[in-house]
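Before any comments, here is the structure.
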Amino acid sequence: MQGSVWRARAVLVLLALCGAGPLEDVAVDRYLVPAVCVREVRHGDHVRYHYNGTFTDGKKFDSSHDRGSPFSGQVGLGRLITGLDRGLQGMCVSEHRRITVPPHLAYGSAGAADVIPPDTTLVFDVLLLDIWNTKDAVQIRTVSKPEQCNRTVHNTDFVRYRYNGTFLDGTPFDSSYDRKQTYDTYIGEGWLIKGMDEGLLGMCVGEKRNIIIPPFLAYGADGYGTEIPPHASLVFDVLLVDLHNPKDDVVVESLLVPESCPRRSVAGDFIRYHYNGTFLDGTPFDSSYQRDSTYNTYVGMGYVIPGMDKALLGVCIGEKRRVVIPPHLAYGENGAGDDIPRFAVLVFDIHVIDFHNARDPVEIQVTHKPEECSLSSATDDLIHYHYNCSLLDGTLLFSSNDYERPQEVVLGADRIIDGLDEGLRGMCVGERRVVIVPPHLGHGASTGSAVPPSAVLRFEVELVGIQKGVPKGYLFVWLEEGPSELFQALDANKDQEVPLEEFSVFIKSLVAEGKGRLKPGQHPDVVIQDMFSNQDRNKDGKITADELKLKAEEDTERARHEEL
């Protein structure tokens, strides 16, 4: 207090209105005056003050300090002794005055019972705590205000705010900061004192206000418990944290919509998205980016809070949205653990990475096709291809450019994901495609690889070579009718035995003449060796007519290797 005030020892002599000649008037010593005095006591004001009353010899006759309760009264209407009525005029809150009152302006020649003797001069040491007038209104001063204010407080809104509460002299009586929680209430519904109801109207989230409320718009003549004395003006420094109305719906603002949007999300889709979550005042509470992992869920099926469920319908892949969700469509009056307070409005900035449906097929877009296409890829073919594999947001996962040669695979051999296998069929050499593979035809919900769980994949593929294949389980197929007497055709030297060399020459001649085809993907000698071993039942290094005949007569499961 001493640091913020200056000491004034001026003695003010107030002239008596009655013109009493030589009679002494009130003497005022303003021995401690605050540096800032917003308002002075005027005629008709109500005041609250502490005092010590003494005689001129210093003997105390009364003290509000001793009673632990300040005195409240009205100035200038004869409700105080005349000397105090005059001596309090012009006083500031937090000012200390010594007011010396002569007898004729105090209790005169009659005195006051056994307390004040007749013709006694009284000295009052006064500390002014409060000033107000019945004509006063709520005083509102905006301390700071955000640049953008899309919405302000209206009656029936629900608000969350922080505050420090003091009396006019700066003495604190309450603080939401001490309790580490906001004050949450409806506006204009009688849940607050009238002055606070009025003082919060028109506020923006993030705005700071200083609100001064006269007693008759606060707790009046009764006060409130032990914290608020009777006739107390209240000062609140308020920060508005949150604002909504029970009638509010989800608010969706599109920040970025891709030029191409072939499909929008519908109920039942599975979506992957990134988000930053904040409260209305900008305070962050969660972010998928910090976890470096998308949030993955079904849309419109109750797997997320109702407001987000609603906001994710109708989005495009790659779209960015800002979503404002009122608490009754979020976590309501209970909040969520330590992260989401009760009655909190949530703001999500979301970026849709991809979505799919369990019924989605592989999408194939041909970006280039040669004019001549006499041969196309099919099941069992060995193909060579280049590819880039990325997520739908453009994140590159794999590329054949990382290898020395194009990738090769036998279609239908379960060597690649089903969606890519399907997307590579029916292609001509030189053809280029974009193949979109939903996760149920890709890597699914599995984790542990470079592909995120439930990710839709985008392949850019180019076919650079085809080797026509053979059915699954076969090593060789005839492309035209074979000889009626197969063993005789195999037995070139007619010695009734066919060794590996003789067998190999025969098969290679069929392939060279276009009469047959070996299984691709392995060296021809390896495939022919396997074929020979299948026919050489006794493993003596040669095939006889009986071995060839026995092979043909075996059951279907064992005869599936009987290419000849």
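The shown structure was predicted, so the numbers you read here are calculated from the model rather than taken from an experiment.
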Check your understanding: Which residue pairs satisfy the salt bridge (Lys or Arg N to Asp or Glu O under 4.0 Å) criterion with at least one member in residues 327-346, sequence neighbours excluded?
Key -> D184-R342

I'd like to know if the side chain of [X] and the backbone of [Y] have a donor-acceptor N/O pair within less than 3.5 Å.
X	Y	result
S265	G314	yes
R97	G87	yes
D29	R98	no
R433	T367	no
H440	P438	no
S288	Y295	no
S63	D66	yes
S399	N401	yes
R209	L239	no
D136	N133	yes

Practice item. Determine, step by step, whether D62 and R67 satisfy the salt bridge (charged side-chain N to carboxylate O under 4.0 Å, His left out) criterion, reporting the C-alpha distance in whole Å, the side-chain angles of both residues, the deciding distance to 0.1 Å, and the verdict. Key: CA-CA 9 Å; D62 191 17; R67 291 192 301 274; 2.6 Å; yes

Practice item. Show the numbers, then the answer: is there a side-chain contact (heavy atoms from CB on, under 4.5 Å) between L234 and I193? Key: CA-CA 11 Å; L234 305 181; I193 56 175; 4.2 Å; yes

What are the two closest non-hydrogen atoms of [X] and [Y], and how far apart are they?
X	Y	value
I317	L392	CD1-CD1, 3.5 Å
R264	V257	NH2-CG1, 4.4 Å
P214	S233	CA-OG, 4.1 Å
M301	G268	SD-CA, 3.7 Å
M308	Y273	CG-OH, 3.7 Å
L88	V41	O-CB, 3.3 Å

Between [X] and [Y], is any side-chain donor less than 3.5 angstrom from a side-chain acceptor?
X	Y	answer
N164	S175	yes
D286	Y275	yes
S400	H386	yes
S454	N296	no

Exercise for review: Over 60° means perpendicular and under 30° means parallel, so classify the ring planes of Y163 and F236, tilted if in between.
Suggested key: perpendicular

Practice item. Report the relative orientation of the aromatic rings in F270 and Y298; use parallel for angles under 30°, tilted for 30 to 60°, perpendicular for over 60°. Key: perpendicular

Distance (rounded to the nearest 0.5 Å) between [X] [atom1] and [Y] [atom2]:
X	Y	atom1	atom2	value
L397	S390	CG	OG	7.0 Å
S144	E207	OG	CD	7.5 Å
F124	I99	CZ	CD1	8.5 Å
E460	Q365	CD	CD	10.0 Å
I417	E422	CD1	CD	11.0 Å
D349	H274	CG	NE2	13.5 Å

Look at [X] together with [Y] and state whether they make a salt bridge at an N to O cut-off of under 4.0 Å.
X	Y	answer
R42	E40	no
D269	R263	yes
D85	R79	no
D237	R162	no

Exercise for review: Would you kindly check if the NZ (Lys) or CZ (Arg) of R48 is within the cone defined by 45 degrees around the ring axis of F71 and under 6.0 Å from the six-membered ring centre?
Suggested key: no

Point to revise | Derivation and outcome, side-chain contact (heavy atoms from CB on, under 4.5 Å), residues W132 and F216 | key: CA-CA 9 Å; W132 62 278; F216 58 89; 3.5 Å; yes

Close side-chain approach of [X] and [Y], heavy atoms under 4.5 Å:
X	Y	answer
D354	D393	no
T278	T283	no
V235	L168	yes

Review point. How far apart are the C-alpha atoms of H50 and H65, what are their side-chain angles, what is the distance that settles it, and do they pass the ring pair (Phe, Tyr, Trp, His ring centres under 6.0 Å) test?
Key: CA-CA 6 Å; H50 267 304; H65 294 283; 4.4 Å; yes

Can you give each donor-acceptor pair under 3.5 Å made by side-chain atoms of residues 242-250, sequence neighbours left out, with the distance rounded to 0.1 Å?
from: D242; atom 1: OD2; to: R160; atom 2: NE; distance (Å): 3.1
from: D242; atom 1: OD2; to: R160; atom 2: NH2; distance (Å): 3.1
from: D242; atom 1: OD2; to: V345; atom 2: N; distance (Å): 2.7
from: N245; atom 1: OD1; to: K247; atom 2: N; distance (Å): 3.1
from: N245; atom 1: ND2; to: T156; atom 2: O; distance (Å): 3.4
from: N245; atom 1: ND2; to: T156; atom 2: OG1; distance (Å): 3.0
from: N245; atom 1: ND2; to: D157; atom 2: OD1; distance (Å): 2.8
from: D248; atom 1: OD1; to: R151; atom 2: NH1; distance (Å): 3.4
from: D248; atom 1: OD1; to: R151; atom 2: NH2; distance (Å): 3.4
from: D248; atom 1: OD2; to: R151; atom 2: NH1; distance (Å): 2.8
from: D248; atom 1: OD2; to: R151; atom 2: NH2; distance (Å): 3.2
from: D248; atom 1: OD2; to: N245; atom 2: N; distance (Å): 2.8
from: D249; atom 1: OD1; to: K310; atom 2: NZ; distance (Å): 3.0
from: D249; atom 1: OD2; to: K310; atom 2: NZ; distance (Å): 2.7

Review point. Yes or no on side-chain contact (heavy atoms from CB on, under 4.5 Å) for I436 and V362, after CA distance, side-chain angles and deciding distance?
Key: CA-CA 6 Å; I436 307 297; V362 173; over 6 Å; no

Exceeds 12 heavy-atom contacts within 6.0 angstrom, atom [atom1] of [X]:
X	atom1	answer
R359	CZ	no
Y224	OH	no
Q148	CD	no

Practice item. For ring pair (Phe, Tyr, Trp, His ring centres under 6.0 Å), just list the numbers for F285 and F348, CA-CA rounded to whole Å, side-chain angles, deciding distance to a tenth of an Å, and then say yes or no. Key: CA-CA 10 Å; F285 63 83; F348 291 92; 5.7 Å; yes

Review point. Would I305 and L329 count as a side-chain contact (heavy atoms from CB on, under 4.5 Å) if you check the C-alpha gap in whole Å, the side-chain angles of each, and the deciding distance to 0.1 Å?
Key: CA-CA 7 Å; I305 56 175; L329 295 175; over 6 Å; no

